[in-house]
Protein chains: 2
Amino acid sequence: MADNGKLVKEITSMEDDFAQWYTDVCVKADLIAYSHIKGFMVIKPYGYAIWENIQKLLDARFKATGVQNVYMPLLIPESLLAKEGELVQGFAPEVAWVTSGGTEPLTERLCVRPTSETVFSDFYKDDVHSYRDLPRLYNQWCSVVRWEKETRPFLRSREFLWQEGHTIHATKEEAEARTQQMLNVYADFLADEMAIPVIKGRKTEKEKFAGAEATYTVEAMMHDGRALQSGTSHFFGQKFAEAYGIQFTDKDNKLKYVWQTSWGMTTRVIGAMIMVHGDNSGLVLPPHIAPVQVDIIPIQQRKEGVLEACRKAEAGLIEAGCRVKVDDTDKSPGWKFSEQEMRGIPLRIEMGPRDIAAGQAVLVRRDNGEKTTVSLDSLSEAVPQLLETIQKEMLERATKHRDSHTWTAAGYDEFKDTIANKPGFVKAMWCGDQACEDKIKEDTGATSRCIPFKQEKISGVCACCGKPAKYMVYWDKAY
Amino acid sequence: MADNGKLVKEITSMEDDFAQWYTDVCVKADLIAYSHIKGFMVIKPYGYAIWENIQKLLDARFKATGVQNVYMPLLIPESLLAKEGELVQGFAPEVAWVTSGGTEPLTERLCVRPTSETVFSDFYKDDVHSYRDLPRLYNQWCSVVRWEKETRPFLRSREFLWQEGHTIHATKEEAEARTQQMLNVYADFLADEMAIPVIKGRKTEKEKFAGAEATYTVEAMMHDGRALQSGTSHFFGQKFAEAYGIQFTDKDNKLKYVWQTSWGMTTRVIGAMIMVHGDNSGLVLPPHIAPVQVDIIPIQQRKEGVLEACRKAEAGLIEAGCRVKVDDTDKSPGWKFSEQEMRGIPLRIEMGPRDIAAGQAVLVRRDNGEKTTVSLDSLSEAVPQLLETIQKEMLERATKHRDSHTWTAAGYDEFKDTIANKPGFVKAMWCGDQACEDKIKEDTGATSRCIPFKQEKISGVCACCGKPAKYMVYWDKAY
């Protein structure tokens, strides 16, 4: 084993090859392993523990708004999928089809759910009768399958884990409010827990979800300046209700169709977290999400009293509510430092005989490398505070990075030049015509990320065609 | 709406038709709904909240033994499934096959996982190199698909939710100990949290899991006397290790195959809970599992002060750590009582103007109907205590029921007569020959449930063939 403080498992630097750096981190920080089917990955204990923390925090936020969890069938009959024309057109090219069960061919083929609007609608049709039954605010945590051509861990895989919320309401206003409410839940969750700032806005017609009347999105910027759609919330109007016959008797005794929403966030946000916060030593985890927040590394651990002092510090920190471990393996301290850095553990505590004799420990922040010396007596107060400081400053740093990589472009030459040479978001005006979106994508590789709720006026005309502008739009190359 | 205290949604009585009573409870207590594919059910919010509680309590017990959660691919290539001959023979007749992805046929068909020994083995093969990497104690919570012919909610469905633990070890002893340890986790969980007593034992060769060297089981008795296998733990020896090539370098520097286990518990235990504790008014939930433990029902709720007093009691009970709700809907108290009974909420608190004036409330236990009057001041102490009493007495009652429905039979006539006329377990001696198991099943419909760890000597000879006996076995008709 190497003993020079460098982990053998080295990773490509982000400046050399950001894509390779990303997959290196996924594998070498022990988040995933590749399986024997393209696009299907194994989420290893460390990766899954991150997902469990995400689930726990996000689920609590859902439940606080009255959402209830359910479980819907994995398989969907083709005829049921086909009832809503736009949805089936959007998803048919990318579903996996089950054609036999046991030794016998099926009379109707079944797809592995790519998303569950259809099964929820089919269920709600029989579940809801009166306005008293509304709203229904259901969510499920599950896996879905979409037969993607290009696949990358977390970002685009043929199977991924997610939650999908599906709600139905008596009125349009209530459904629209829920769509917005869940978008805000995502934005707040990403900022508060994952230290990822986002732009909230509406997708263009071209980019919206198949079958939706409107799709709202939270868009994050990765370290390389590219955009990642990190959560979406859809307003369906009465489309599914009409296609599937979800009706209720309203207070006025009239039979009406319900108003519907859906909203989802996936394991993709783990990819976002890696690409927003990671560095050339590996993962950097926000303390709220980190499975282990504090790694206590003994120096000269065989010396009398060292491990005992580490254990005592650990006990105090557990008491204080921290997720902490002592690394008492027989590896060298330098090796342990590298592992802690690769795995993105937010805080390292170094404790050697001299530190202990002096009644202190050395704290090293993962996010910025800052070292401080803290007395052992005050660890239990200092560490939780420092973790909150790290959490806060990670969000500030990501926000600063995003803002300093957000450009404006008025004319088309400036637009093309910015996309080509300045990684990041480009704010530019748009006429609302899909032809301009298509041309921009063709010319630059950038897509419209969203029409942000916070509109600004960069100019009066579309950056692409020069016709009168309708909206300011965020554009970027995206994952 | 009916106002006579009887819920409109009436259920069949268990004495008239136990099977119909069971499905009535599943549907009318709002646990599930049928979907449009045979054997695939919708788990509704109330049913899913029960599963979430089961998951939370069981997962904590797993983690306390060092188990880590992971996520493995949903789909398994046919060639991978086929590597272990017994397993594929056991499962091939009941898997669902995916034959196309997107618009193209697959070059190799993929099955939807019926169980994941194969994918875990394939993963471990590359994940483990040295004895330092062992043991691996992984588990996943997921859904699986088995194309059953006969289906019933929770008990036997084509898709079900479960956890599957898969561990690998350096030594046989360690793997065997883990198999036993997890069986004990299941037995303790069922007793302590679900108030279900079980018999622990080993399955016969005929009844063991395809591919296992030994299968251990926890067997519970339902209210109608039938058995339900409620959790299993398998010892695989080195079979999968050899089939999939999972090797490691041991301390002695030799390359060796790992020793393997797997163990699983499913949504089936919800079925067990219904059939062990339920009655003709519906579900009866053990307090540890109940999503709502206490239902406060106001009497004359429009009278001044009633709802306020209910809310105050609710706040105190939340403070005391109870899961509690006030039913302030505009239904009649009788209707609310019926609903609370149907949903198996362990404790009802009735609070009317006269109770409140007298500074007291009426507590009604769901499990035995017992009423007590408690002063409002002491609710926060009395209710948590009463919930623990209910939890304890439910286990005692179920144990008593089981023990009073456990028979012994020495000769074959006695055996057949007992199975035919006395619902429950029959303890009888067995020679160890599968021919006798087959004959017993043919003649009586009963199967060997397990060779219990606690052996007794009923006689010296096999109850079926009269040859010398090897084991005492529990026999019963089963779900």
Side-chain angles (χ1 to χ4, degrees), chain A residues 33-37 39-49 51-52 68-77 79-80 92-104 106 108-112 119 122-123 126-127 132 136 138 140 142-143 145-149 158-159 161 267 329, chain B residues 33-37 39-49 51-52 68-77 79-80 92-104 106 109-112 119-120 122-123 126-127 132 136 138 140 142-143 145-149 158-159 161 267 329:
Chain A
Y34 291 96
S35 82
H36 282 82
I37 319 178
F40 285 74
M41 63 182 178
V42 171
I43 306 182
K44 292 172 74 172
Y46 198 53
Y48 200 79
W51 182 239
E52 284 183 317
Q68 296 180 298
N69 287 335
V70 298
Y71 187 76
M72 291 283 161
L74 170 70
L75 301 181
I76 308 173
S79 57
L80 190 63
E94 56 176 46
V95 297
W97 290 105
V98 171
T99 54
S100 66
T103 50
E104 291 183 16
L106 299 175
E108 178 182 13
R109 60 182 189 164
L110 308 169
C111 81
V112 181
V119 270
D122 192 48
F123 165 74
D126 299 323
D127 191 52
R132 290 169 199 266
R136 286 279 196 249
Y138 290 175
Q140 73 174 344
C142 62
S143 83
V145 170
R146 298 179 187 176
W147 221 255
E148 303 279 357
K149 293 218 169 63
R158 286 186 173 174
E159 180 186 20
L161 302 181
T267 35
T329 57
Chain B
Y34 292 96
S35 82
H36 281 82
I37 319 179
F40 286 73
M41 61 182 178
V42 172
I43 306 181
K44 293 172 75 172
Y46 197 54
Y48 200 79
W51 182 240
E52 284 183 318
Q68 296 180 298
N69 287 336
V70 299
Y71 188 76
M72 292 282 162
L74 170 71
L75 301 182
I76 308 173
S79 57
L80 190 64
E94 54 176 48
V95 297
W97 291 105
V98 171
T99 54
S100 66
T103 49
E104 291 183 16
L106 300 176
R109 60 182 190 163
L110 308 169
C111 82
V112 181
V119 271
F120 272 92
D122 192 49
F123 165 73
D126 299 323
D127 190 51
R132 291 168 199 266
R136 288 277 196 250
Y138 291 175
Q140 71 174 346
C142 63
S143 83
V145 170
R146 298 179 187 176
W147 221 254
E148 304 278 356
K149 291 214 170 66
R158 287 185 172 173
E159 179 186 20
L161 302 180
T267 34
T329 56

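Quick note on labels: first sequence line is chain A, next is B, and so on, each numbered from 1. Everything numeric here is computed off the predicted structure, so don't read it as measured data. We use all heavy atoms of the structure for the numbers below, so side chains are in, but hydrogens, waters and symmetry mates are not.
Between B:P45 and A:Y138 there is a side-chain heavy-atom pair separated by less than 4.5 Å. B:K44 places a side-chain heavy atom less than 4.5 Å from the side chain of A:D127. Proximity of A:V70 to B:I43: side-chain heavy atoms (C-beta onward) are nowhere separated by under 4.5 Å.
Within the 4.5 angstrom heavy-atom criterion, no atom of B:E104 approaches chain A. For chain A, no part of B:L80 is nearby; none of its heavy atoms comes within less than 4.5 Å. Contact of B:E159 with chain A is made through the side chain alone, with heavy-atom distances under 4.5 Å. For chain A, the nearby parts of B:S100 are the backbone and the side chain; heavy atoms of each come within less than 4.5 Å. The contact between B:I37 and chain A is made entirely by side chain atoms (from C-beta outward), counting heavy-atom distances below 4.5 Å. At a 4.5 Å heavy-atom cutoff, B:V119 makes no contact with chain A through either its backbone or its side chain. Interface residue A:A92: only backbone heavy atoms are found under 4.5 Å from chain B. Contact annotation for A:E52: only side-chain heavy atoms (C-beta onward) come within less than 4.5 Å of a heavy atom of chain B. Both the backbone and the side chain of B:V42 come within contact range of chain A, each with at least one heavy atom under 4.5 Å from a heavy atom of that chain. Neither the backbone nor the side chain of B:R158 has a heavy atom closer than 4.5 Å to any heavy atom of chain A.
Contacts with chain B were tallied for A:W147, A:W97, A:Y71; A:Y71 has the most, counting heavy-atom pairs under 4.5 Å. In terms of non-hydrogen atom pairs under 4.5 Å with chain B, the most contact-rich of A:Y46, A:F40, A:W51 is A:F40. For chain B, the option among A:E108, A:H36, A:R146 with the highest count of heavy-atom pairs below 4.5 Å is A:H36. The residue among B:C142, B:A96, B:S143, B:G101 with the most heavy atom pairs within less than 4.5 Å of chain A is B:G101. Interface check for chain A: of the options B:T329, B:L106, B:L110, B:L75, the most heavy-atom pairs under 4.5 Å are formed by B:L75. Most heavy-atom pairs under 4.5 Å with chain B, from the set A:V145, A:D122, A:T103: that is A:D122.
Residue A:S35 holds its OG atom at 11.0 Å from CG of B:L74, rounded to the nearest 0.5 Å.
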